[in-house]
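To start, the structure under review is shown below, and the notes come after it.
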Amino acid sequence: MERLYWVRHRCLQLISTDRRRGWYSPPSSLPAKSSLDAQDPLVQRLTGKRRVVVSRCGPHQAEYHSFSKGFQDNSIRTTKYTLISFIPMNLFQQFHRAANLYFLFLVLLNWVPVVEAFQKEITMIPLAMVLTVIAFKDAMEDYRRYRYDKKINNTLTHVYSGSKQYVERRWAEVCVGDLVRLCCNEIIPADMVLLHSSDPNGVCHIETANLDGETNLKQRQVVRDLPQQGSEFVPENYSSHIECENPNNDLRRFRGFMEHPGKVRVGLHSENLLLRSCTVRNTETVIGIVVYAGHETKAMQNNSGPRYKRSKLERRLNMDVLWCVILLLLMCLIAAVGHGFWLSGRQNPIYMIPDDTHPALAAFYMFWTMIIVLQVLIPISLYVSIEIVKLGQIYFIQNDLDLYNPVLDTGVQCRALNITEDLGQIQYLFSDKTGTLTENRMLFRRCTVAGTEYPHHENAISLEQYEEQGCGDADHSLTLRSRTSRKSLSCKSLSCNRSSVSLNTLTAESDTHSVHDTLRRHTPGAGAFSSTMECAVVPDPQLQARLNTLSSPMRSPLRQQAAEISHILDFFLALTVCNTVVVSSPTQPRHVVQMPVFRTPLRSLEEMKAMFQKLSLPRFPSSTSQNTDTPPSLTKKLFTRGRSASYFPNNSPQTPITTLQSPTAEELLYEAESPDEAALVQAAKAYGCTLLGRSPEQVLVAVPGTGPLSIPLLHVLPFHSARKRMSVVVRHPLTGEVVVYTKGADNVIMELAEAEVNGDQKPEIMERTQRHLDQYAREGLRTLCVAKKVLEEQEYKAWLKRHEYAETSIENREELLLESAERLETNLTLLGATGIVDSLQEEVPETIEALQEAGIKVWVLTGDKQETAINIAFACKLLRPTDHILMANCDSKETCEARLHELQHEIRQVTKEGVSEDDSSDCVLVIDGRTLDYALQKELQGSFLELTCCCRSVICCRSTPLQKSQVVRLVRDKLKVMTLAIGDGANDVSMIQMADVGIGISGQEGMQAVMSSDFAISRFKFLRKLILVHGHWCYARLANMILYFFYKNVMYVNLLFWYQFFCGFSGSTMTNSWVLIFFNLLFTSVPPIIYGMLDKDVSGETLLDLPDLYKSGQNSQAYLPSTFWMNILDAFYQSLVCFFIPYFAYAGSDIGVFSFGSPINGSALLIILLHQLIESRTVTWIHTALLLFSALFYYAFVLLFSLTCVTCNSPTNPLGIETKMMSEPVYFLVCGLTTVLALLPRILCRAFCSTICPSDLVRAQKMEILSAQDYSTSLRQWKENKAAQRLSSRHVPQNLSVNADMPHLTECIAEAGAVLS
């Protein structure tokens, strides 16, 4: 009935399409509220793209049941099975694997009487054992999930019951529409829209570490314009309803609106949503209404479990399994044809039961019988063994102490369980720059304001001393680990009932501290991205002096000076308010701020406004009426909830608002979502523009000359990768005007700056600022531009109308908001720019150099300027002083095509001069984002790839996240190479997911990259050992183990095949069925697994010393098609020796069939085990013990079988056969001779290759047995020989041109080598 219910309303929706508006309409024709409200509410609410949520216990109880149909409850179930469904479901899933289906087919085939080869029960044993082992593993994993689900579902929370009280309920009993009350430190049970917070500003802080790993606190705010906002929340009076999108897995998006009783709609955003699994911090009480529950919550929608990919080796394995199938079919066909001819040549022999079956039909039956007999040619245990080996490899990687970061207390995380061997075959590495190669710990270095550059020389000296003292490592604990611990415990150590203290709480108590005390106080409790050095910005004397005129009561600035001062003040106001930084203090919750009154001589607010009005500056026109009040009345007028302004005149410094003890301004802690924001806020603080507090509707700022000011915060337009900037819309505290402050990428802001001349200085300011930006980039600094725009009231109201429509839209909300922001951010006035230092991580140059020596092409994909990227590339040795940089900066597709051909022609000209292809190692391509857009188009992809293949590395600048993923996909798919992408931020996620192997760095930009990666590390330097050592080992071990499995199965199956030539191709075997089945399943299966986990062809130290050894994995030398077929041929040879030596030894004797098979089985076991010993490069006591155990286990089994089993192999009788054969010396002579002759060719081949033409791996193995002194000498000699080989084939071209469109880069390239050295 429910399905019919929905179908009926879906039909109504389709029928009414023509007579009603859609949910999206162009902003130019905004629909009236009444027109939307007049639509059929039932049709509107039951559309498939949204849901309506009303309170379960409010005035809409009657409507609740009709709306809540189809909503899930809050119980979760992550288990795959139940007690009843486990066996059928697990078997169903296991039989999705082709190998299991193949062996099931053989079991069923053996039940057909005409093709039966063994006892029916025996044929089932291999498949049953494999299925049982995997089923046991699945059951244990599912039981752990069941216990976790039970614990979560039984957690208690407080839900409104409808009788004016909150009662305890289990999480599983919470439903959509319930009103839930949470206290500090409680975990959120479901996705809820925030309706009330004990904080008077309507703010709630949450920690999302359980969801995405990020430990910095995030602000959430109560829905705007709630009737009960600001008072005690009364659930009975809540009568609004919510309309929002259906459940999805986007953690950072929530679209919907809340309709209040007066038909007023307010847009809902992710800032209004409390997500399941997050923790309430620093807020005494919050109340929310559940909109998504259980598996519909965003946390559960993102719970996808471990990542599974198919490795390159696995794809190769599947192909070779097909070859084995073909080989099996060929052998069975030969046996079938042979059996048919054998029967045709004999007429009713006396030793056969008379049968009327035609020889052709008998041959057909024999084909299927031989499929059963030779079934072990397809290794059923190989897939299980591979899974076990990979788990062992992951265990050793995760427990490698060299990859452990003691500062962060983290090691390597292996999130993808089945691509460890791909780490050993990487050919292209794509890396982000910021946070991946660099620390992403931004330190303010210098700035330019209004075209005047302030070099901050003393600040530069301070940074140099800091680096020389080696304080960087000590700061890591502050920057990450200790900060994480502090965050997780901060609310527990605080009295949460103090969170009701207002943002504007002030105190007059203050004291003075030395710089040392200030740094020491910051050390134990710095906020996110806030380290001691970030707090210790040394102001530039010239800039400080100009700002000091604001607080000087003795003199008034001239008109020109006032204009410059107002420009500077706007610049620092923008740095202070244009961010999302959360303010906290060491002893109070993060959103609680108490500030002292400044005792320094201050100009009054009226004096400053009068100065600006008198000068009639365009930036500060006449004040509005509200700003002409006296300071006390102004404070009283603006100091309301959410719109308060704090000002204290100098004549009453002793009057505090509260008597609470308060920290000084220096003790404020800043929690920023990005390190750039923290660095800029700290820089502004050094000049007296201090961010004191933040709420959703105001920012409290201390400005030189005025003291604390409350700036009304009208809108925040967050950073977007497409816009490359963020903006805030505020009402200026001095003029009352609506002002837009914008900061972002320099190229974007400069383009958005006003094109018209606004005064004589405008062109000069922009030109000087551009020169300063180029200088900063050449020094390797990260650059940001700051701009503003003053809006007329009518202009603001017109924009606000469209923006509110975008905010309340459900469909296409992101596109509408993006369009709204871009419409506002035009004709900006440039204020200045900043240069921020981002130093390299330790050992990055050594790591990149080692990776390049290993034959890996390293590409850097960054959003920074070209000059900055080139400078960092020199510092990390991606570029060398002798390298020639090929620039590609084009404004059109035609220009790009011509430039690519020009660069290719120049490289070909150099090659024609008689130089080898290795000349490409001297060329590095640097391409900007616009040119990259053209190069990625289908017509130019071939030319672009051809050019990049001739370059040693490529640097893509100004690239977007989409471009990063497109570059990785292009190289991966077109060049058919193994790719690895590494990054640390959300902008790297698409690139990480596109590569064959994705690595995330748990750095300063959250955990999005880690959550999307296959492996996670904490520092870039760990990539060296992860790839060169563990990657090489994992590939070599697994490749050799797979080849060994194929060899031993083919070798043993051929013994049965040769016997068919002497038994009329009858499908008979010379061994009993039990030994035949257990030979590969038990007797020879464990040693290869240990071999795949522990074997080391070369030690880790040697692999790090000689990165060239990694090339063997890149070239798949351990598992080539030729290697596979050589192993198959060797298996054929060994099987021939193993069969025919016993055959000729016992020729003419009267031994039985099983007696003949006894020395064959014994010889085969010894050959297979000793073959592995020859192939092993490492022989430990574990290897020796397992090999001996396998041999002893076999002989114990066959002896026990021979002594006890009378009818175990009906109709034959194996009793006493093995004991009799082993009592004769000829048995041991035959086994010994067979083993030696079978293994002799492999031993001789290995000796010949190791002596006459040794590979690099063999040479490295020989070096390891030398003494320490001889090893060092050989190592130095090796490197000298390799360097000589590269130099002999290298030609440095002198005629490669630099793009004339960027002449300043000539100087950059010339200076870059010495800048960051």
Are any side-chain N or O atoms of [X] and backbone N or O atoms of [Y], one a donor and one an acceptor, separated by less than 3.5 Å?
X: T436; Y: K433; value: no
X: D883; Y: L879; value: no
X: Q941; Y: L936; value: yes
X: Q904; Y: S943; value: yes
X: N1115; Y: Q1117; value: no
X: D1014; Y: R415; value: no
X: K857; Y: C949; value: yes
X: T847; Y: E843; value: yes
X: T1178; Y: K1096; value: yes
X: Q425; Y: M978; value: no

Can you list every pair that meets salt bridge (Lys or Arg N to Asp or Glu O under 4.0 Å) and has a residue in residues 1261-1275, with sequence neighbours left out?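 Of all non-adjacent pairs touching residues 1261-1275, none passes salt bridge (Lys or Arg N to Asp or Glu O under 4.0 Å).
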
So, using side-chain contact (heavy atoms from CB on, under 4.5 Å) as the criterion, who are the partners of C957 when residues are at least two apart?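 For C957, the residues satisfying side-chain contact (heavy atoms from CB on, under 4.5 Å) (neighbours in sequence not counted) are Q866, A869, V926, I955.
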
Please enumerate all residues that pass side-chain contact (heavy atoms from CB on, under 4.5 Å) together with L945, with sequence neighbours excluded. T948, L970, V971, K974, L975

All ring pair (Phe, Tyr, Trp, His ring centres under 6.0 Å) counterparts of Y1119, not counting sequence neighbours: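 Not a single residue meets the ring pair (Phe, Tyr, Trp, His ring centres under 6.0 Å) criterion with Y1119.
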
Contacts of type ring pair (Phe, Tyr, Trp, His ring centres under 6.0 Å), residue Y1047, not counting sequence neighbours: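 Result, ring pair (Phe, Tyr, Trp, His ring centres under 6.0 Å) vs Y1047: Y1044, H1171.
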
For the residue pair [X] and [Y], establish whether any side-chain heavy-atom pair is separated by less than 4.5 Å.
X: D996; Y: I426; answer: no
X: F430; Y: V860; answer: no
X: D1108; Y: W1278; answer: yes
X: L886; Y: V924; answer: no
X: Q852; Y: R880; answer: no

Nearest heavy-atom neighbours spanning [X] and [Y]:
X: S1013; Y: G998; answer: CB-O, 3.5 Å
X: R1177; Y: D1095; answer: N-OD1, 2.9 Å
X: Y428; Y: I856; answer: C-CG2, 4.2 Å
X: P845; Y: A875; answer: CG-O, 3.5 Å
X: C1034; Y: T420; answer: CB-O, 3.7 Å
X: I1027; Y: L851; answer: CD1-CD2, 4.4 Å

Which residues satisfy the side chain to side chain donor-acceptor pair (under 3.5 Å) test with [X], sequence neighbours excluded?
X: T438; value: D838
X: N1040; value: none
X: R972; value: none
X: S311; value: E421

Residue pairs meeting ring-ring contact (aromatic ring centres under 6.0 Å, His included), one or both in residues 391-414, sequence neighbours left out, come to none

Walk me through it: do T862 and L437 pass the test side-chain contact (heavy atoms from CB on, under 4.5 Å)? CA-CA 11 Å; T862 177; L437 303 178; over 6 Å; no

Single hit among L423, I1017, L1028 for side-chain contact (heavy atoms from CB on, under 4.5 Å) with L1023: I1017

Applied to residues 1029-1039, the side-chain hydrogen bond (donor to acceptor under 3.5 Å, both in side chains) test, sequence neighbours excluded, yields D400-H1030, H1032-D1097

Are Q427 and T979 close enough that a side-chain donor and a side-chain acceptor fall under 3.5 Å?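 Not at all, the side chains of Q427 and T979 share no donor-acceptor pair under 3.5 Å.
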
Short side-chain donor-acceptor distance under 3.5 Å, Y1110 and D1256: no

Chi angles and distances behind the salt bridge (Lys or Arg N to Asp or Glu O under 4.0 Å) call for D864, R958: CA-CA 5 Å; D864 281 344; R958 298 295 191 191; 5.9 Å; no

For K1021, is there an ion pair with E846 - N to carboxylate O distance below 4.0 angstrom?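 No salt bridge links E846 with K1021.
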
Can you sort out the partners of E849 under salt bridge (charged side-chain N to carboxylate O under 4.0 Å, His left out), two or more places apart, ordered by chain and number? K877

Would you please test D1130 and R1242 for side-chain contact (heavy atoms from CB on, under 4.5 Å) and show each step? CA-CA 8 Å; D1130 191 25; R1242 178 164 288 268; 2.7 Å; yes

Roughly how far, to the nearest 0.5 Å, is CZ of F1045 from CD1 of I386?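 So the CD1 of I386 and the CZ of F1045 are separated by 8.0 Å.
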
